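No experiment lies behind these values; they were computed from the predicted model shown.
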Amino acid sequence: MPTFEEAGRGIPVTDPATGETCGEAPDMRPEELDAVIGRAHRAWSGWRADAAARTQALLGAAGAVEAAGDELARLLTREQGKPLAESYAEVARTAARLRYFADLAPRTRRISDGRPVRSEVRWRPVGPVAAIVPWNFPLQLAAAKFAPALAAGNTMVLKPSPYTPLATRLLGSVLATALPEDVLTVVTGREPLGARLASHPGIRHVTFTGSVPTGRAVAEGAAASLARVTLELGGNDAAVLLDDVDVEGIADRLFWAAFRNCGQVCMAVKRVYAPARLHAEVVEALALRAKSVAVGSGLDPDTRIGPVNNAPQLARVAELTGRALADGARAAAGGHRLDGPGHFFAPTVLTDVPPESAVVTEEQFGPVLPVLPYGSVDEAVDAANGTGFGLGGSVWGTDLDRAEAVADRLECGTAWINHHAELSLAQPFAGTKDSGVGVAGGPWGLYGNLRPFVVHRPEVP
């Protein structure tokens with residue numbers, strides 16, 4: 001039987017730092033999913049039956065991930081582009097999620113309502129789960145989906161982005177050394193594979209991270225079989241700086257909240273609102289860092305910002321920046337692609353940006369940050385809340401009580417004070433408006449993969 005390479009069915013994967021092909025992944029035909037999901041369903045009966053065995057298997061999986069850390073991190077950097085140190089951190093976070101959820105169990109709850117009946121709420125897994133993961137954090141976001149799903153007693157079919165399938169396939173092989181067969185299956189392929197997975201009648205829960213338009217399509221597909229959906233969609237997080245902020249004191253944190261992973265973070269700072277009297281100082285502080293940061297291949301130990309992951313995203317970043325400059329914005333730093341091979345865009349800080357510019361109102365998802373002045377805090381809050389997104393936001397200032405009061409007015413799922421995009425494994429993560437449906441993280445993420453099962457029995461006198 002020919003391999004997928006021999007059959008011409010491979011997906012070439014590009015190293016974004018060089019523009020060269022760094023590997024190939026199978027391009028599964030949509031109709032082949034039936035067999036994969038059938039095996040996941042058969043594996044479910046044994047996997048859900050023994051909670052103690054699940055715990056041990058997940059702990060073993062965490063150890064296997066750590067043991068393969070070097071290979072996983074280097075492959076991740078080659079196909080995704082991020083600095084190697086960030087890839088190691090992503091691998092560590094993957095193992096940490098497995099350990100966290102391995103020790104988390106649902107609680108049976110007894111309901112007392114005055115009747116001579118003992119009522120208990122127990123929890124059962126929903127069945128095979130589909131996970132569709134983007135290219136910015138392939139391993140970490142996969143683990144955010146499979147760790148709670150598997151801990152709850154479900155099986156999973158996991159589809160990574162065609163731009164970053166290699167490290168996820170390797171991760172699947174590593175996990176297979178600790179998990180029973182067919183409990184977790186990684187499938188790769190071009191569309192319509194993802195659409196077929198989301199709408200497959202054998203899937204009971206679809207969890208997706210990606211763009212708003214694709215999220216809507218996923219929800220429509222899952223509706224055909226009334227499958228549950230968890231959607232973590234786009235973000236356009238605003239950082240509101242108050243008039244008592246120490247600009248130099250927060251500049252490094254603010255810069256990296258926007259530019260980590262080349263700005264390719266759903267909950268990165270994507271807009272900064274600064275008091276008019278501090279606006280120039282904020283722009284200067286951020287531009288200084290943008291001009292001096294080392295940009296290059298993630299395999300170079302001196303690199304702090306790598307390339308944009310793929311050519312379509314690079315084109316979008318260039319287009320949004322170009323439109324803003326044409327509309328009167330000024331690049332205090334960057335504003336252009338970098339010469340040479342690879343998908344590099346200069347870290348960019350924009351000033352004099354029209355508030356209605358697409359680089360402000362849409363999610364740029366790249367190394368571009370507009371900084372806008374405001375006259376009053378009410379004006380800043382209105383602007384921060386003035387898009388269809390509601391993933392995260394932050395407020396920066398010296399008076400923490402005042403900053404918290406402003407943060408409480410932000411229309412988002414998570415608000416930070418004097419930092420941004422820092423999450424604990426134990427906390428919920430969810431967006432409002434167009435930024436998502438459902439909750440991930442912590443016990444909420446576990447219960448999102450379970451359904452209640454109520455048992456009534458008479459009380460014995």
For the backbone of P160 and the side chain of R169, can you confirm whether one donor and one acceptor N or O come within less than 3.5 Å of each other?
no
Quick test of your reading of the model: are D382 and R409 salt-bridged, counting only N-O distances below 4.0 Å?
no
Do the side chains of F365 and V308 get nearer than 4.5 Å, heavy atoms only?
no
Would T361 and T387 count as having a side-chain donor-acceptor pair, cut-off 3.5 Å?
no
Given the rule in the side chain to side chain contact (heavy atoms under 4.5 Å, CB included) test, do L314 and N310 qualify, once you have shown the distances and angles that lead to the verdict?
CA-CA 6 Å; L314 177 63; N310 56 79; over 6 Å; no
Step by step, would you call L241 with V282 a side chain to side chain contact (heavy atoms under 4.5 Å, CB included)?
CA-CA 9 Å; L241 278 55; V282 173; 3.7 Å; yes
Indicate whether any N or O donor in one side chain lies under 3.5 Å from an N or O acceptor in the other, for H343 and N309.
no
Using a distance-only test with no angle check, is there a side-chain donor-acceptor pair under 3.5 angstrom linking H200 and S225?
no
So, E86 and R304, do they make that salt bridge, N to O below 4.0 Å?
no
So, are R402 and D243 salt-bridged, with charged N and O less than 4.0 Å apart?
yes
Any side-chain heavy atom of P165 sitting closer than 4.5 Å to one from E79?
yes
Does the side chain of W396 come under 3.5 Å of the side chain of S394 through a donor N or O and an acceptor N or O?
yes
Between L242 and L278, what is the shortest heavy-atom contact and its length?
O-CD1, 4.1 Å
Under 3.5 Å: donor-acceptor pair, side chain of T188, backbone of P26
yes
For T348 and G335, work out which heavy atoms get closest and say how close.
OG1-N, 2.7 Å
Within the structure provided, determine whether W123 and R451 are in side-chain contact (heavy-atom separation under 4.5 Å).
no
Test side-chain contact (heavy atoms from CB on, under 4.5 Å) applied to F146 and L98, V129, V186, the passing residue
L98
Is there side-chain contact between F259 and I305, with at least one heavy-atom pair below 4.5 Å?
yes
Heavy-atom closest pair, residues A238 and Y273
CB-CE1, 3.9 Å
Under the 3.5 angstrom rule, does the side chain of W416 hit a backbone N or O of E422 as a donor-acceptor pair?
yes
Sub-4.5 Å side-chain heavy-atom contact between W135 and Q80
yes
Report the C-alpha separation of L369 and L286 in whole Å, then their side-chain angles, then the decisive distance to 0.1 Å, and conclude whether the side chain to side chain contact (heavy atoms under 4.5 Å, CB included) test is met.
CA-CA 9 Å; L369 182 64; L286 294 173; 3.9 Å; yes
Nearest-0.5 Å distance that lies between atom CG in L76 and atom OG in S87:
3.5 Å
Take the angle between the ring planes of H41 and W44 and call it parallel below 30°, perpendicular above 60°, tilted in between.
perpendicular
Would a distance-only check, ignoring hydrogens and angles, find a side-chain to backbone donor-acceptor pair under 3.5 Å from Q140 to A143?
no
D34/R196 under salt bridge (charged side-chain N to carboxylate O under 4.0 Å, His left out): CA gap, chis, key distance, verdict:
CA-CA 10 Å; D34 293 343; R196 180 71 177 266; 3.4 Å; yes
Starting at CG of L139, measure out to CG of L75 and round the result to the nearest 0.5 Å.
8.5 Å
Determine whether D15 and T21 satisfy the following criterion, side chain to side chain contact (heavy atoms under 4.5 Å, CB included), listing intermediate values before the conclusion.
CA-CA 6 Å; D15 180 339; T21 299; over 6 Å; no
With the threshold set at 4.0 Å, does a side-chain nitrogen-carboxylate oxygen contact exist between E220 and R216?
no
Non-hydrogen atoms of P443 and Y100 that approach each other most closely:
CD-OH, 3.5 Å
Would you call R289 and D252 a salt bridge, using N to O less than 4.0 angstrom?
yes
Please say whether the positively charged group of R260, taken as NZ for Lys or CZ for Arg, lies over the ring of W256, i.e. under 6.0 angstrom from the six-membered ring centre and within 45 degrees of the axis.
no
One should read off an interatomic distance between L58 CG and L104 CG, to the nearest 0.5 angstrom, of 11.5 Å
Donor-acceptor pair, distance only, cut-off 3.5 Å: does the side chain of N154 make one with the backbone of A149?
yes
Looking at W444 versus F101, is the centre-to-centre ring distance below 6.0 Å?
no
Side-chain heavy-atom pair E232, F429 within 4.5 angstrom cut-off
yes
Heavy-atom distance under 4.5 Å between the side chains of L150 and W47, does that happen here?
yes
Compare all side-chain heavy atoms of L197 with those of L33 and state whether any distance is below 4.5 angstrom.
yes
The reported gap from OH in Y163 to CD1 in I11 (rounded to nearest 0.5 angstrom) is 11.0 Å
For E362 and R316: C-alpha separation, side-chain torsions, deciding distance, then whether salt bridge (charged side-chain N to carboxylate O under 4.0 Å, His left out) applies.
CA-CA 11 Å; E362 300 179 17; R316 173 168 171 77; 3.0 Å; yes
Has the side chain of R99 got a donor or acceptor atom that lies under 3.5 Å from a matching backbone atom of A62?
no
Is there a donor-acceptor pair closer than 3.5 Å between any side-chain N or O of E363 and the backbone N or O of G235?
yes
For the residue pair R190 and P12, what are the closest heavy atoms and their distance?
NH2-CD, 3.6 Å
Hey, what do you get for CG (L175) to CG (L171), rounding to the nearest 0.5 Å?
4.0 Å
With a 3.5 Å distance limit and no angle check, can you tell me whether R323 reaches the backbone of S357 through a side-chain donor-acceptor pair?
no
Inspect the contact between D237 and K270 and indicate whether a charged nitrogen and a carboxylate oxygen are less than 4.0 angstrom apart.
no
Taking the six-membered ring of F137 as reference, does the NZ or CZ atom of K82 fall below 6.0 Å from its centre and within a 45° cone about the axis?
yes
Salt-bridge present (E90, R97; N to O < 4.0 Å)
no
How about CD on E404, more than 12 heavy atoms from neighbouring residues, nucleotides or ligands closer than 6.0 Å, or not?
no
What distance do H279 atom NE2 and E284 atom CD have between them, rounded to the nearest 0.5 Å?
12.0 Å
Main-chain N/O of G298 paired with T77 side-chain donor or acceptor, under 3.5 Å:
no
Of all heavy-atom pairs linking R78 and P16, the shortest is O-CD, 3.4 Å
Between T321 (side chain) and V317 (backbone), is there a donor-acceptor pair under 3.5 Å?
yes
Please say whether the positively charged group of R124, taken as NZ for Lys or CZ for Arg, lies over the ring of F453, i.e. under 6.0 angstrom from the six-membered ring centre and within 45 degrees of the axis.
yes
